[in-house]
Amino acid sequence: MSAYQDSKLYRIRHSAAHIMAQAMLERFPEAKIAIGPPIEDGFYYDFDLPRPINEEDLQWVENRMKAIIGGDHAFDCREVSPEEALALFKDQPYKVELINDLVSGRVDDNGSPIAEPAERITIYTQDTFMDLCRGPHVANTRDINPDAVSITFKMPAGAYWRGDENRQQLTRIYGTAWESPEELQDYLHRLEEAKRRDHRIVGERLGLFTFSSLVGKGLPLWKPKGTILRDTLERWLRQVQIDNGYEPVVTPHIGNLNLYKTSGHYPYYKDSQYAPIVVDDEEFLLRPMNCPHHIMIYKSEMRSYRDLPVRYAEFGTVYRYEQSGELHGLTRVRGFTVDDAHLFVTPDQLLEEFISAVKLTQYVFNTLGLTDFRARVGIRDPESDKYVGDDVLWTQATDAILQACSQLNLPHTVEAGEAAFYGPKLDFIFRDVLKRNWQLGTVQVDYNLPERFELEYVADDNTRQRPIMIHRAPFGSVERFVGIIIEHFNGMFPAWLAPVQALLIPITDRNVEYAEGVAAALKAAGIRVEIDKSKARMGAKIAAGREQNVPWMLIMGDRDAAAGAVSVRLRTDEDLGAMPLPQFIEMASGVIESKSLSLS
RNA sequence: GCUUCAGUAGCUCAGUCGGUAGAGCACACCCUUGGUAAGGGUGAGGUCAUGGGUUCAAAUCCCAUCUGAAGCUCCA
């Protein structure tokens, strides 16, 4: 990031933001300007506008920006006293607020918190536009290529002043700027490619899942092919967990409200839960999480230290009433399945169990070739009151996680305010095609729920001791995980996950009977097959198979039938030619069983 | 939840100034039986998201609701 901040591109974008603000003030003289920083692939500026902006305005502003750039204006920097700054910006209330905060040392000029109180305020001016700004900028507008700047590629959007939903909502206009028009075109092209890779688009094309407004928003419906995908993942992880000493359990999707009052989930998260169901004077909640149910299984027996660690695993479906604006395809839904497990451990076991839970998560990612993630340790925000439990326990839990990261040599960031309400956690964050962040795997340490539920085990000295809980989910949620891997693989799943593994293409009707025999043999070997019996030509059938990303296409005509062979064409368009059926079965079975990422 | 934009066939979309709806893909049937990226024809399929309003007349204009998209906020 610091390399980016020192780059010419960063200065170009920062300057383009100022130029956009100048053009906007010409279009909307009554507009109030907020802030406008460079961001990863461009820049934005927030405005308080007298009316909604439309496409015509945007086009006008973009054209005007190009004209300003062509006007050969220098970016002049000067320092003024706070009093002078307040006078200069007296008509810009957002700037006034920023200046006051700068002087008191609360924020920098992007509104981000910093420490140092400012005694001098830096101001940059180009042409007729003056902005509160620390820089840096390009020396002159001519350092920007007007044909490498665009603000019409993306619709404007709302954004709260200072990121606070209780304050004024501003209009954020995004722009992108590059050093050359070719780079801009390349970026726009990559953006289009990314949109085609979106799991909502690919999921529709491959027939994986759908939504129905009659069922309800944020409630995915899994079609047969999508179900094969998620079910294959679940069966795999279930077995891996059993191999690692986990015990499957099954618990109901609702629970008595008192359960969640004890756990503390209610009323902390009252607003993000479905309202209680009232039956016979009892209230039940659609469960927002699985932990309390597993805890009651733990509590159903007297536990000895000899029984620990206890590891309960369940693919548990939970329901959360997410705000409608947050819903997004499979990655943010209102009903989803957590590949959940809760470990009840002694203090001596905590570190080792935490580490092996992280390793299991890493094993899941490695098997699928998922490497593009970052690890985040989420700790408590000391300012907030949304956490339960006392400080000593929080410190212990946080230390345990940091120690585990260090033993695992796991690069990570530590971020305040990202903890669960009951404890700190280690999360694995992935990005989708449009670079939005999504948390998948998570491993959490929890001293608090054992306290609230008064969990115990009998130690070797016959005293009652309190276990520590580890919450962990390698996928995080099956829905979100599938969404991310759809984009990761662009729908071209490894053969073991592909809903249809082999598409059988008889060349003529004469060959259908042979294809049915081949299909039976493949099914017997555990391979998922489909026969294309349509009247289409072979070329069209191949095109359809490519569209569906089927790993292996087996073409069979008279020659193959006579030889007991299949002609193998890979999804990658590689033609392996004719091979005896048993040879294909051996090859395919090997690829599937090894969960290989290649097809031969 | 908020701001802005959008909703036409299963899917992707066209539909000019308000004058009662079109294409491609998919689907059904017919012809074609073809050896590695899409053969031809015919047909079926739509209360133009829903409900109100304006108008002689609404897919088109207005209002509300629902759903979706981008972003913000949030995310146990």
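Computation of the quantities below employed the complete heavy-atom set of this structure, encompassing side-chain atoms and omitting hydrogens, waters and symmetry-equivalent molecules. Letters A, B, ... are given to chains in the order of the sequence lines, protein chains preceding strands, and every chain is numbered from 1.
Across all strands, A/Arg172 comes closer than 4.0 Å only to sugar-phosphate atoms, never to a base (heavy-atom distances). Counting any heavy atom pair closer than 4.0 Å across all strands shown, A/Glu418 reaches no nucleic acid atom. Within the nucleic acid shown, A/Arg205 has no heavy atom closer than 4.0 Å to any nucleic acid atom. Contacts of A/Tyr174 with the nucleic acid, taken as non-hydrogen atoms under 4.0 Å apart, involve only primed sugar atoms and P, OP1 or OP2. Contacts of A/Arg436 with the nucleic acid, taken as non-hydrogen atoms under 4.0 Å apart, involve only primed sugar atoms and P, OP1 or OP2.
Interface remark: the A/Asp558 side chain does not form any donor-acceptor pair with the B/G35 base, using a distance-only criterion of under 3.5 Å. Checked by distance alone, A/Arg332 brings a side-chain donor or acceptor within 3.5 Å of a matching partner on the base of B/C74. Contact annotation: side chain of A/Tyr160 to base of B/G71, donor-acceptor pair absent below 3.5 Å. Within 3.5 Å, no donor on the side chain of A/Arg320 pairs with an acceptor on the base of B/C75, nor the reverse.
Distances from the side chain of A/Ile507 to the nucleotides B/A76, B/G35, B/G68 place B/G35 closest. With B/C74, B/U33, B/C5 as the candidates, the nucleotide lying closest to the side chain of A/Asp509 is B/U33. Closest to the A/Ile542 side chain, of the nucleotides B/U36, B/G71, B/C11, is B/U36. Distance from the side chain of A/Gln444 is smallest for B/A76 among the nucleotides B/A76, B/U36, B/C72.
Taking only side-chain nitrogens and oxygens, A/Arg200 comes nearer than 4.0 Å to OP1 or OP2 of B/A69. Phosphate contact (OP1/OP2 of B/C75, side-chain N/O of A/Lys386, threshold under 4.0 Å): present.
Looking at A/Thr317 and A/Thr337, their side chains do bring a donor and an acceptor atom within 3.5 Å of each other.
Taking a pair to require two hydrogen-bonding distances under 3.5 Å in either a Watson-Crick or a G-U wobble arrangement, B/U65 pairs with B/A49. The partner of B/G22, taking Watson-Crick or G-U wobble pairs whose two distances both stay under 3.5 Å, is B/C13.
Put simply, A/Tyr269 rests on the base of B/A76: the two rings are less than 5.5 Å apart at their centres and nearly parallel, under 30°.
Between A/Met155 and A/Gln439, the residue anchored nearer the 5' end of RNA chain B, judged by the nucleotide with its closest heavy atom, is A/Met155.
We find that A/Arg376 and A/Glu418 are joined by a salt bridge, their nearest charged nitrogen and carboxylate oxygen being less than 4.0 Å apart.
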